[in-house]
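Accompanying notes for the structure given below.
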Amino acid sequence: MPAGRHILLIIGGGIAAFKTLDLIRRLREGGAQVTPVLTRAGEEFVTPLSVAALAAAKVYRDLFDLTDEAEMGHIELSRAADLIVVAPATADLMAKMAGGLAGDLASTLLLATDKRVLIAPSMNVRMWEHPATQRNLDTLQRDGNLTVGPNEGDMACGEYGPGRMAEVPQIIAAIDAALADGPLKGKHILVTSGPTHEPIDPVRYIANRSSGAQGTAIAAALAALGADVTFVTGPADVPPPQGVRVVRVQTAQDMMAAVETAKPAEAAVFAAAVADWRVANAGAQKIKKDGKGLPKLDFAENPDILATVSQKTDGRPKLVVGFAAETDDVIAHATAKRARKGCDWIVANDVSPGTGIMGGAENAVTLITAEGSETWDRMSKSAVAAQLAARIAKALA
Ligand code: C5P
């Protein structure tokens with residue numbers, strides 16, 4: 001519970017706003033101070049009086065409310081907060097945030113702040129699935145906004161699907177994670193995860209069996225220790241963790257670009273299964289089965305992200321961790337890989353058929369450092385992640 005912390009809570013105009021009343025109550029019970037901001041649309045769903053009564057605080061209702069700038073201008077409002085929470089975050093509010101609009105108090109606050117922002121989307125399933133909303137979500141996550149939910153279920157409009165605002169305990173857990181005071185607090189850590197997709201033409205691609213489960217668990221474990229995580233993920237099977245900055249990419253080249261444009265990191269964990277090669281002569285149009293024989297694919301080598309970052313002379317993270325998925329002679333191959341790539345640690349695992357590790361729930365790893373190698377018991381991927389995150393925290397202390 002975020003005791004003693006100050007939350008600026010922006011309430012958008014959605015049916016889920018009634019849950020936000022309970023969120024306010026629970027946050028206050030947990031010792032947090034809540035400053036509520038109610039959008040005009042929000043006022044259609046909950047009254048300023050009930051919000052003020054539950055928050056035991058003034059409700060800020062509109063930009064023009066702030067005529068008394070001496071009391072607290074829109075900049076001051078967010079300056080005092082430890083975290084901004086937007087719940088419910090409607091499609092309209094998300095679009096305003098993604099577009100950088102500032103036509104009312106809520107959007108102005110969100111544009112004028114440098115504080116972390118957690119959004120809890122809530123809307124009709126079709127609005128949620130609309131490409132515009134998904135594009136806005138991607139932009140918001142890349143901009144560093146944290147998200148919680150939405151959940152899938154019955155909707156007030158009688159439909160079923162994703163779009164229901166996260167439940168109050170989930171939102172509180174995400175707030176706790178965002179405010180976590182762990183050993184990695186204030187440290188920026190970059191994590192790559194998942195496979196990459198290398199196009200053959202607009203409809204076909206080359207991929208691999210990585211599910212993204214281990215990288216996702218590592219990002220979650222680092223965030224739970226308070227790290228500020230940038231999570232660069234290829235098209236994975238598992239959803240990204242909550243409480244991290246998500247950057248979605250498709251190809252190895254996209255992943256390289258995302259890693260290079262991320263802000264400087266104190267540590268970087270490269271858990272992605274990056275394709276070694278891309279198709280150099282990928283078709284701009286779908287390649288046709290036209291009876292003129294088989295297509296010929298030419299390959300080009302992809303950038304080695306781990307080696308590039310490890311060998312940087314300027315702005316290299318203090319700790320660079322690579323992964324080595326091997327099928328034979330794991331320790332020897334991984335030790336050679338550590339030297340070749342120039343990283344500090346290698347987390348090596350045996351992914352031979354029969355181990356069930358690739359795409360499975362468990363992992364058996366050997367950690368290779370400058371001091372030598374240590375083999376961990378086979379355990380769940382989340383336990384491996386927690387152990388690795390604890391080691392990273394110790395190394396950066
Ligand atoms: O060379 P190999 O693919 O076996 O090395 C695995 C490690 O290198 C992993 O940490 C992976 O994320 C990273 N890697 C990378 N860019 C590549 C290939 C691998 O970052 N192009």
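When reading the values below, keep in mind they use all heavy atoms of this one structure, side chains included, and skip hydrogens, waters and symmetry mates.
Taking the side chain as every heavy atom from C-beta outward, Asn363 and Met379 never approach each other to under 4.5 Å. Looking only at side-chain heavy atoms (C-beta outward), Leu83 and Ile175 come within less than 4.5 Å of each other. In this structure, the side chains of Trp376 and Glu374 come closer than 4.5 Å at one or more pairs of heavy atoms. The side-chain heavy atoms of Leu184 and Lys187, taken from C-beta on, include a pair separated by under 4.5 Å. For the pair Pro199 and Arg278, the minimum side-chain heavy-atom distance is 4.5 Å or more. Between Ile305 and Met255, the closest side-chain pair of non-hydrogen atoms falls below 4.5 Å.
Thr233 and Ser193 are not linked by any side-chain donor-acceptor pair at a separation below 3.5 angstrom, with hydrogens and angles left out of the test. A donor-acceptor contact closer than 3.5 angstrom is absent between the side chains of Thr133 and Asn136. The closest side-chain donor-acceptor pair between Thr230 and His188 falls under 3.5 angstrom. In this structure, a donor-acceptor pair under 3.5 Å is absent between the side chains of Asn151 and Arg164. There is no side-chain donor-acceptor pair under 3.5 Å between Asn302 and Gln253. In summary, the side chains of Gln33 and Thr35 do not present any donor paired with an acceptor at a separation below 3.5 Å, with no hydrogens or angles considered. In this structure, a donor-acceptor pair under 3.5 Å is absent between the side chains of Thr355 and Ser352.
Atom CG of Asp377 has 12 or fewer neighbouring heavy atoms from other residues, nucleotides or ligands inside a 6.0 Å radius.
Rounding to the nearest 0.5 angstrom, the gap separating the OG1 atom in Thr113 from the CD1 atom in Ile84 is 3.5 Å.
The backbone N or O of Ser310 lies less than 3.5 Å from no partner atom in the side chain of Asp344, so there is not a single donor-acceptor pair. Judged purely by atom type and a 3.5 angstrom limit, Thr39 uses its side chain to pair as donor or acceptor with the backbone of Ile11.
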Set out, in order, the CA-CA distance, both residues' side-chain angles and the distance that settles side chain to side chain contact (heavy atoms under 4.5 Å, CB included) for Tyr60 and Leu77, then state yes or no. CA-CA 9 Å; Tyr60 291 87; Leu77 256 182; 3.7 Å; yes
Is there a side chain to side chain contact (heavy atoms under 4.5 Å, CB included) between Leu146 and Ile119 once you walk through the steps? CA-CA 6 Å; Leu146 310 173; Ile119 63 173; over 6 Å; no
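Screening Leu190, Ile392, Asp228, Val244 for a side-chain contact (heavy atoms from CB on, under 4.5 Å) involving Leu222 leaves a single residue, Ile392.
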